Amino acid sequence: MTEPSTQQPRRSPLPPTDTHSGGRSTVPLDSTAQLLARITAQLGTQLSLVSRNGTRRPMHRTRPSDTLRPSAAPRPPAAPRPSPAEAAPPTLLVVAHGSRDPQALRTVLALLDRVRDLRPGLDVRLGHIELNQPLLPDTLDGLRGSDAVLLPLLLGRGHHVKHDLPAAAAAAPSVRTRIAAPLGPHPLLVEALYGRLVEAGWDPADEGGRRAAVVLAAAGSRDPDSAQDTRRTARMLAERLGGVPVVPAYASAATPTVPAALRALAARGRHRTFVASYFTAPGRFASAAASAAPRTAAVPLGAHPAMARLLLHRYDQALSATAPSEMVSLLASA
């Protein structure tokens, strides 16, 4: 009689689970090839989380879902920085002398409005050396951190251009400044002088005549460069008038005076004489020169259209001179 066997009967293996369904699946895998494919895919995902040096990459950078989501919108590109050409141009800071004559400030403001009309969008401001508000240091104080071109509303290379403006710029280091050349001499300035003479009664028929003459009445300066600039403007105006004599004369600091120049011309038979006001705005010197004229004197240059164009020309000229040596050359040859 044999003993009963204690060996348990062999059970068939359980079907593999499908972990993606959230529970145990009763559906067996179709083949060994599919099982190997799943293992390979899982290994690929894990390996993608490891960098070449063996460290684990952050999950938020390498999650497959981030790269596979069709609804994930790309990040918008960063806004481009404005090019230098698109940046705001430097402020045009017009530097006037200042006067106690109330007409002076109104005239200068009218000139600046004409400049703004010619170049909309340009920041145009005003500063005075003395006597009027705003004073130049106050205007510079309001431009901290900005670029500005200091443009002297002056007609030659005198003390204010050579000393006062550089000193004001040096006292405002928070403003990046350039100093433009004075207005004269320049053909646009001559055009403004000619226009004012015509308004005062100058007859083009007098051009080339033996009786006509013009006294160019200027403020005057002890600086020889300033006197040289005035003489050069007188020669250019004489050419514009067809060869009529133009004699420079001064209200202060230099000779001849306006009355003395008128007497000298009369002695030469030049009795049809006009006084051209070589002043940017009304003031004490302009009034004194006009009172000496034998007939109506031309008004100061003021807001003549050629003056507005000249201011913008000097502004552009200063911007194109990038090196300090070029700025010195501009001031020396203006």
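What you see is a predicted model; the values in this text were computed from it and never measured.
In the model, Arg231 has no side-chain atom that pairs as donor or acceptor with a side-chain atom of Gln228 under 3.5 Å.
When every heavy atom of Ala249 is checked against every heavy atom of Val215, the shortest pair comes out as CB-CG1, 3.7 Å.
The ring pair (Phe, Tyr, Trp, His ring centres under 6.0 Å) check on His186 picks up His313, with sequence neighbours excluded. Taking Arg263 as the reference, nothing meets the salt bridge (charged side-chain N to carboxylate O under 4.0 Å, His left out) condition, with sequence neighbours excluded. Contacts of Glu199 classified as salt bridge (charged side-chain N to carboxylate O under 4.0 Å, His left out), with partners at least two apart in sequence or in another chain: Arg196. Looking at residues two or more places apart in sequence or on another chain, you find a salt bridge (charged side-chain N to carboxylate O under 4.0 Å, His left out) between Arg116 and Asp113. Annotation: salt bridge (charged side-chain N to carboxylate O under 4.0 Å, His left out) contacts of Asp223 (sequence neighbours excluded): Lys162.
By the 4.0 Å N-to-carboxylate-O rule, Glu191 lies close enough to Arg240 to be salt-bridged with it. Using a cutoff of 4.0 Å between basic side-chain nitrogens and carboxylate oxygens, Arg125 and Asp123 are scored as salt-bridged.
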Leu312 and Leu122: side chain to side chain contact (heavy atoms under 4.5 Å, CB included), yes or no, with the steps? CA-CA 10 Å; Leu312 288 173; Leu122 178 62; 3.9 Å; yes

Criterion side chain to side chain contact (heavy atoms under 4.5 Å, CB included) on Thr177 and Leu165, from CA distance to verdict: CA-CA 10 Å; Thr177 57; Leu165 266 66; over 6 Å; no

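Leu319 has its side chain within reach of Tyr315: a pair of non-hydrogen atoms, C-beta onward, lies under 4.5 Å apart. The closest side-chain heavy-atom distance from Pro166 to Ile179 is below 4.5 Å. Two residues are said to be in side-chain contact when any heavy atoms from C-beta on lie closer than 4.5 Å; Asp203 and Val198 fail this criterion. When side chains are defined from C-beta on, Leu154 does not count as touching Val95, because their heavy atoms never get closer than 4.5 Å. You'll find the side chain of Val275 stays beyond 4.5 Å of the side chain of Leu216, heavy atoms only. No side-chain heavy atom of Thr280 sits under 4.5 Å from any side-chain heavy atom of Pro300. Taking the side chain as every heavy atom from C-beta outward, Arg178 and Pro90 never approach each other to under 4.5 Å. For the pair Thr91/Val149, no side-chain contact is recorded, criterion being any heavy-atom separation below 4.5 Å from C-beta on.
Under the 3.5 Å distance criterion, the side-chain polar atoms of Asp225 are left unmatched by any main-chain donor or acceptor of Arg157.
If you look at His97 and His160, their ring centroids are closer than 6.0 Å.
Following chains of ILVMFWY side-chain contacts shorter than 4.5 Å, one can reach Leu111 starting from Tyr278, so the two form part of one hydrophobic cluster.
Through side-chain heavy atoms spaced under 4.5 Å, either directly or across other Ile, Leu, Val, Met, Phe, Trp or Tyr residues, Tyr250 is tied to no other residue.
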